[in-house]
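These figures come from a predicted structure and were not determined experimentally. Counting begins at 1 with the first residue of the sequence.
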Amino acid sequence: LLLAVYVGYLGLGAGVLQALERPAEVQAAQDLLQQHWELLANYTCLRGPALQQLIEGIIQAYKSGITLRGNTTNLGRWDFTGSFFFSISAITTIGYGNLSPSTVAGRIFCILFALFGIPLNLVLLNEIGQLMLLGVQRCAHRLEEVFHWQKKASLLVKTCALVTGLLLFLLLPPLLFSEKEGWSYEEGFYYSFVTLSTIGFGDYVIGMNADRTYPGWYKNVISLWILFGMAWLALVIKFCINFLE
């Protein structure tokens with residue numbers, strides 16, 4: 001029965017996503033093909049295979065963090081700050097997919113780094129989650145002693161913890177992303193949940209717009225936000241698991 005519900009839920013998600021996203025995909029493909037033929041028609045010196053090779057080269061370079069700016073190229077994704085942020089996305093299993101090592105040595109190191117880093121991350125998240133839970137329990141116990149409440153104190157403190165977590169980790173960060181990244185609030189909220197839940201699609205990633213200048217503290221603060229936000233969301237998901245079970 002549980003397996004049937006699981007497969008049915010996946011089928012429901014697939015059907016809804018197909019209905020919502022498929023028309024946009026078809027339209028984007030038609031627009032791309034039209035632009036391709038218009039470019040070849042306007043610039044007859046271009047050849048189809050050569051243009052295709054150039055497009056693939058641009059895509060590969062963009063994936064590596066290299067963009068053209070006039071007659072120069074823009075680098076910066078593999079500086080220390082960018083590498084530190086990639087390390088976090090690796091051991092937290094977010095794995096945005098927008099950046100990945102291209103050298104053999106880098107890939108081998110990434111495997112070894114994640115092999116030991118993922119368990120270390122899970123242990124740390126568990127400790128942070130336990131500290132959060134302990135703080136909630138102590139607050140509830142204190143209220144019970146002062147106001148002689150029983151079930152009301154626990155419910156009140158848990159509700160406050162949930163609302164505070166929603167504000168700090170899901171509702172307020174999109175305002176920062178709107179200012180620094182130029183995203184809409186909905187896009188920032190979507191990025192927040194996709195990141196903290198470790199889904200990590202990679203369609204939205206902070207600090208990757210070559211046209212914007214980011215302060216030095218930006219990625220460091222976001223790294224801390226990811227760490228504590230994942231611990232908080234893990235507690236919420238654990239509560240949902242207990243409810244479903």
Side-chain angles (χ1 to χ4, degrees), residues 59-69 72-132 165 167-183 187-235 237:
I59 294 174
Q60 187 61 39
Y62 180 78
K63 288 181 178 180
S64 301
I66 302 172
T67 55
L68 287 174
R69 298 182 66 84
T72 61
T73 55
N74 180 64
L75 302 174
R77 290 192 179 183
W78 283 114
D79 58 7
F80 184 79
T81 303
S83 301
F84 186 81
F85 192 74
F86 171 80
S87 300
I88 290 180
S89 69
I91 67 173
T92 56
T93 69
I94 295 174
Y96 289 113
N98 68 306
L99 188 63
S100 58
S102 58
T103 63
V104 175
R107 289 169 180 168
I108 294 175
F109 173 78
C110 187
I111 293 172
L112 297 174
F113 181 74
L115 184 63
F116 293 97
I118 291 174
L120 177 62
N121 176 73
L122 293 176
V123 170
L124 179 60
L125 288 181
N126 182 63
E127 290 296 322
I128 294 176
Q130 292 300 321
L131 288 175
M132 289 180 176
L167 287 172
L168 290 178
F169 301 121
L170 289 178
L171 298 180
L172 293 181
L175 299 177
L176 176 64
F177 300 142
S178 297
E179 178 184 352
K180 299 301 181 183
E181 305 290 343
W183 299 341
E187 290 172 327
F189 183 83
Y190 167 79
Y191 166 78
S192 299
F193 181 80
V194 167
T195 295
L196 297 184
S197 61
T198 71
I199 296 173
F201 289 121
D203 47 353
Y204 290 91
V205 183
I206 59 113
M208 296 298 172
N209 191 340
D211 297 326
R212 289 181 173 268
T213 302
Y214 300 98
W217 53 264
Y218 183 51
K219 283 189 176 182
N220 297 328
V221 170
I222 297 304
S223 299
L224 290 175
W225 167 75
I226 289 175
L227 188 62
F228 286 93
M230 285 179 60
W232 171 80
L233 190 59
L235 290 177
I237 292 176

Exercise. Can you sort out the partners of Ser178 under side-chain contact (heavy atoms from CB on, under 4.5 Å), two or more places apart, ordered by chain and number?
Key: none
Self-check item: Residues forming a side-chain contact (heavy atoms from CB on, under 4.5 Å) with Asn126, sequence neighbours excluded
Solution: Gln130
Quiz item: By ring pair (Phe, Tyr, Trp, His ring centres under 6.0 Å), which residues pair with Phe193, not counting sequence neighbours?
Solution: none
Quiz item: Which residue pairs pass the side-chain hydrogen bond (donor to acceptor under 3.5 Å, both in side chains) test when at least one of the two sits in residues 195-207, sequence neighbours left out?
Solution: Tyr96-Thr195, Glu187-Tyr204, Tyr190-Asp203
Self-check item: Distance, nearest 0.5 Å, that separates OG of Ser87 from CG of Asn121
Solution: 12.0 Å
Exercise. Find the distance between CD1 (Ile94) and CD1 (Ile88) and round it off to the nearest 0.5 Å.
Key: 8.5 Å
Quiz prompt | ring pair (Phe, Tyr, Trp, His ring centres under 6.0 Å) partners of Phe84, counting only residues at least two apart | solution = none
Practice problem: Just jot down the side-chain contact (heavy atoms from CB on, under 4.5 Å) partners of Ser83, sequence neighbours excluded, or say none. | Solution: Trp78
Quiz prompt | Criterion side-chain contact (heavy atoms from CB on, under 4.5 Å) on Ile206 and Trp183, from CA distance to verdict | solution = CA-CA 10 Å; Ile206 59 113; Trp183 299 341; 3.9 Å; yes
Practice problem: Write down the atom of Tyr218, the atom of Glu181, and the distance for their closest heavy-atom approach. | Solution: OH-OE2, 2.9 Å
Quiz item: About how many Å separate CG of Asn209 and OH of Tyr214, when rounded to the nearest 0.5 Å?
Solution: 4.5 Å
Self-check item: Contact check, side chains of Leu176 and Ile222, non-hydrogen atoms, under 4.5 Å
Solution: yes
Quiz prompt | ring pair (Phe, Tyr, Trp, His ring centres under 6.0 Å) involving Phe201 - partner list, sequence neighbours excluded | solution = none
Exercise. List in chain and number order the residues that pass side-chain contact (heavy atoms from CB on, under 4.5 Å) with Leu122, two or more places apart in sequence or in another chain; answer none if no residue qualifies.
Key: Ile118
Quiz prompt | Value rounded to 0.5 Å, distance of CG in Leu120 from CG in Leu115 | solution = 12.0 Å
Quiz item: Atom CD1 in Ile91, atom CZ in Phe113: separation rounded to 0.5 Å?
Solution: 5.0 Å
Quiz item: Looking at Pro173 and Ser192, what are the two nearest heavy atoms and their distance?
Solution: CB-OG, 4.1 Å
